Asker: 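Structure in structure tokens, see below.
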Amino acid sequence: MTGTDDVLLVHGGTPLEGEIRVRGAKNLVPKAMVAALLGSEPSRLRNVPEIRDVRVVRGLLELHGVTVSKGEESGELVLDPSHVESANVADIDAHAGSSRIPILFCGPLLHRLGHAFIPGLGGCDIGGRPVNFHFDVLREFGATIEKRADGQYLEAPQRLRGCKIKLPYPSVGSTEQVLLTAVLAEGVTELSNAAVEPEIEDLICVLQKMGAIISMDTDRTIRITGVDKLGGYNHRALPDRLEAASWASAALATEGSVYVRGASQREMMTFLNTYRKVGGEFEVDDDGIRFWHPGGALKAIALETDVHPGFQTDWQQPLVVALTQASGLSIVHETVYESRLGFTSALNQMGAHIQLYRECLGGMPCRFGQRNFLHSAVVSGPTKLQGADLVIPDLRGGFSYLIAALAAQGTSRVHGIDLINRGYENFMEKLPALGARVELPA
Ligand SMILES: CC(=O)N[C@H]1[C@@H](OP(=O)(O)OP(=O)(O)OC[C@H]2O[C@@H](n3ccc(=O)[nH]c3=O)[C@H](O)[C@@H]2O)O[C@H](CO)[C@@H](O)[C@@H]1O
Ligand SMILES: C=C(OP(=O)(O)O)C(=O)O
């Protein structure tokens, strides 16, 4: 999509009503695809959504000699890593800035080839997003790393060795880096202060199916006993709890009712508790969750994002739009990313009252409190939103703008909607299916 194709006209004021389906998680599927690189046999990944991040990783894997083809069922990919050793990666620069996933190729490529090249990373612009923990842990395993103008060059002079690592912060990507590296390293790796997001547990399930030996303690410690060889896997990806929560927030903000087929309660417990505190209703059945606005006033809340099992940061932006419709003062403390509240200035242009603060307005001081970042917000509501011209800043901020435009009176022009394809499967079909009045400009 380019030019006017990348703009969506949203005529607001209609509640979202109906049913949509979520498939596998954006934050698991690409990593499970990378895991296939570690195997000596083909892997089958099911419940794969058609989103840009999957296409990007597919391209990268193919460049590295993995044959990726469609399986028998819809949403199934077969990944055959038999030709990795003979791949020609001359075009890898074309993948620079595509997503955050290339950094996770380090361990698998070092095991298979003894070297790896990682181009510049992409991902949402919601903070500095350094990768220092990743490179620190790879050095612990015995890798050498050289930073050049075009990216990072890594080598494993000998087989990587298991080690004892403590992460400075329970980073999702760094935990995945350790997992994807330790499974074939020599000896035992003990990782403390690990991230334990549901997508990480699902990646551990994938690796265990391949033959890895991994245990998880209740105190954020993960132990991995390296093995000499891994096979393939057959796995159904866990559902996307982030997409599900986005549609739930859209139902609340537009005073609608949306059944999210595929949504799973277990991975969404913290979100569901918060949703109930705001005044949203939900009903869980075996196939999904219905979310709705029961009528009457929504309640203001205090909300702090955190690592799992806390309130996931990727749920924050869509829910903030619903909080503009709650009565009273809501407090939001973003503790995972230092710059994830910038999207609120456009909501203010639409009529919201959101004030940002550099202080930690939460129960506990976070890493950003003394560092001059606008990472807390006070949302006063309820406020009537008016349609506006909006430019999408990042993935969840983008979906939040769609929600705000749908909840607003009048028409909004939302620019940059292609970014939403990175993590929301078929959202352009799902919106009208829920009764949203959206159109591409003539
Ligand atoms: C593709 C994917 O799965 N993305 C998710 C992943 O991102 P990602 O894996 O990039 O997020 P991390 O958990 O690593 O980052 C969390 C925090 O740690 C910091 N940090 C991280 C690595 C590092 O080397 N140094 C460092 O300082 C980051 O700047 C950030 O402040 O987890 C995030 C937190 O749940 C989610 O919001 C993203 O949707
Ligand atoms: C921040 C996100 O993703 P990424 O890490 O891929 O930028 C997200 O999914 O909201």
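Computed from a predicted model, the values in this text were never measured in an experiment. First listed ligand is number 1; within each ligand, the first listed atom is number 1.
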Asker: At under 4.0 Å between heavy atoms, is it the side chain or the backbone of His134 that contacts ligand 1, or both, or neither?
Answerer: both
Asker: By number and element, which atoms of ligand 2 are closer than 4.0 Å to a non-hydrogen atom of Arg100?
Answerer: 5 (O)
Asker: Is it the case that His235 and Asn47 place a side-chain donor and acceptor less than 3.5 Å from each other?
Answerer: no
Asker: Check whether any side-chain N or O of Asn426 sits under 3.5 Å from a backbone N or O of Glu429 as a donor-acceptor pair, and report yes or no.
Answerer: no
Asker: Please compare Ser99, Pro130, Ala195, Gly128 and report which has the shortest non-hydrogen distance to atom 28 (C) of ligand 1.
Answerer: Pro130
Asker: Can you list the atoms of ligand 1 that are under 4.0 Å from a heavy atom of Tyr169?
Answerer: 16 (C), 17 (C), 18 (O)
Asker: Report the part of Ile126 (side chain from C-beta onward, or backbone N, CA, C, O) that has a heavy atom under 4.0 Å from ligand 2; answer both or neither where that applies.
Answerer: side chain
Asker: N/O of Arg396 under 3.5 Å from N/O of ligand 2, yes or no?
Answerer: yes
Asker: Do the charged groups of Glu176 and Lys31 touch, with an N to O distance under 4.0 Å?
Answerer: yes
Asker: Note the single closest protein heavy atom to atom 33 (C) of ligand 1, along with its residue, its atom name and the distance in Å.
Answerer: Tyr337 OH, 3.0 Å
Asker: Is it the case that His134 and Gln177 place a side-chain donor and acceptor less than 3.5 Å from each other?
Answerer: yes
Asker: Distance to 0.1 Å, residue and atom name: give those for the protein heavy atom nearest to atom 25 (N) of ligand 1.
Answerer: Asn132 OD1, 2.7 Å
Asker: Quick check: Tyr337 and ligand 2, any N/O pair under 3.5 Å apart?
Answerer: no
Asker: Hey, which atoms in ligand 2 end up nearer than 4.0 Å to a heavy atom of Gly123?
Answerer: 7 (O)
Asker: Tell me: protein heavy atom nearest atom 30 (C) of ligand 1, and distance?
Answerer: Val336 O, 3.4 Å
Asker: Starting from atom 3 (O) of ligand 2, find the nearest protein heavy-atom neighbour and note its residue, name and distance.
Answerer: Lys26 NZ, 2.8 Å
Asker: Is Glu176 close enough to touch ligand 1? Criterion: a residue heavy atom under 4.0 Å from a ligand atom.
Answerer: no
Asker: What class does the angle between the rings of Phe368 and His375 fall in, given that below 30° is parallel, 30 to 60° is tilted and above 60° is perpendicular?
Answerer: perpendicular
Asker: Is the closest heavy atom of Leu242 to ligand 2 under 4.0 Å?
Answerer: no
Asker: Between Lys70 and Glu76, is the closest basic N to carboxylate O distance under 4.0 Å?
Answerer: no
Asker: For Arg100, which part has a heavy atom under 4.0 Å from ligand 1: side chain, backbone, both, or neither?
Answerer: side chain
Asker: Do Arg422 and Asp394 sit within salt-bridge range, that is, some charged N less than 4.0 Å from a carboxylate O?
Answerer: no
Asker: Hey, is Arg129 touching ligand 2 through its side chain, its backbone, both or neither, going by heavy atoms under 4.0 Å?
Answerer: side chain
Asker: Is Asp314 touching ligand 1 with its side chain, its backbone, both, or neither, if touching means heavy atoms under 4.0 Å apart?
Answerer: side chain
Asker: Heavy-atom distances under 4.0 Å are what count here, so tell me which part of Gln312 touches ligand 1: side chain, backbone, both or neither.
Answerer: side chain
Asker: What atoms in ligand 1 come closer than 4.0 Å to a heavy atom of Gly173?
Answerer: 9 (O), 14 (O)
Asker: Numbering the atoms of ligand 1 from 1, which are under 4.0 Å from a heavy atom of Asn27?
Answerer: 1 (C), 2 (C), 3 (O), 4 (N), 5 (C), 38 (C), 39 (O)
Asker: Among all protein heavy atoms in this structure, tell me which lies nearest to atom 14 (O) of ligand 1, with the distance rounded to 0.1 Å.
Answerer: Ser171 OG, 2.7 Å
Asker: Compare Gln317, Arg340, Glu243, Arg422 and give the one whose heavy atom is closest to atom 1 (C) of ligand 2.
Answerer: Arg340
Asker: Does Arg241 pair with Glu199 as a salt bridge, N-O distance under 4.0 Å?
Answerer: yes
Asker: Counting only heavy atoms, tell me which of Ile200, Ile101, Val137, Val172 gets closest to atom 32 (O) of ligand 1.
Answerer: Val172
Asker: Using heavy atoms and a threshold below 4.0 Å, how should the contact between Thr313 and ligand 1 be classified: side chain, backbone, both, or neither?
Answerer: side chain
Asker: Less than 3.5 Å between some nitrogen or oxygen of Cys124 and one of ligand 2, yes or no?
Answerer: yes
Asker: Taking atom CZ as the centre, does Arg358 end up with more than 12 heavy-atom neighbours from other residues, nucleotides or ligands that are less than 6.0 angstrom away?
Answerer: yes
Asker: I'd like to check which ligand 1 atoms, numbered from 1 as shown, lie under 4.0 Å from a non-hydrogen atom of Lys31.
Answerer: 1 (C), 2 (C), 3 (O)
Asker: Would Arg148 and Tyr153 count as a cation-pi pair here, with the cationic atom under 6.0 angstrom from the ring centre and within 45° of the axis?
Answerer: yes
Asker: Can you tell which of Tyr424, Phe399, Phe291 makes a ring pair (Phe, Tyr, Trp, His ring centres under 6.0 Å) with Trp247?
Answerer: Phe399
Asker: Do the non-hydrogen side-chain atoms of Arg23 and Ser74 ever get within less than 4.5 Å of each other?
Answerer: yes
Asker: Are Phe311 and Leu319 close enough that some pair of their side-chain heavy atoms sits under 4.5 Å apart?
Answerer: yes
Asker: Is Lys430 paired with Glu243 through a side-chain N to carboxylate O contact shorter than 4.0 Å?
Answerer: yes
Asker: Within 45° of the axis and under 6.0 Å from the centre of the six-membered ring of Tyr169, does NZ or CZ of Arg367 qualify?
Answerer: yes
Asker: List the closest protein heavy-atom neighbour of atom 24 (O) of ligand 1: residue, atom name, distance to the nearest 0.1 Å.
Answerer: Phe133 N, 2.8 Å
Asker: Which of the numbered atoms in ligand 1 are below 4.0 angstrom from a heavy atom of Arg367?
Answerer: 17 (C), 18 (O), 19 (C), 31 (O)
Asker: Does the Ser376 side chain pair with the main chain of Glu359, one donor and one acceptor, at a distance under 3.5 Å?
Answerer: yes
Asker: Is there side-chain contact between Leu37 and His111, with heavy atoms separated by less than 4.5 Å?
Answerer: no
Asker: If the cut-off is 4.0 Å to any non-hydrogen atom of Arg129, which atoms of ligand 1 fall inside it?
Answerer: 7 (O), 8 (P), 10 (O), 29 (O)
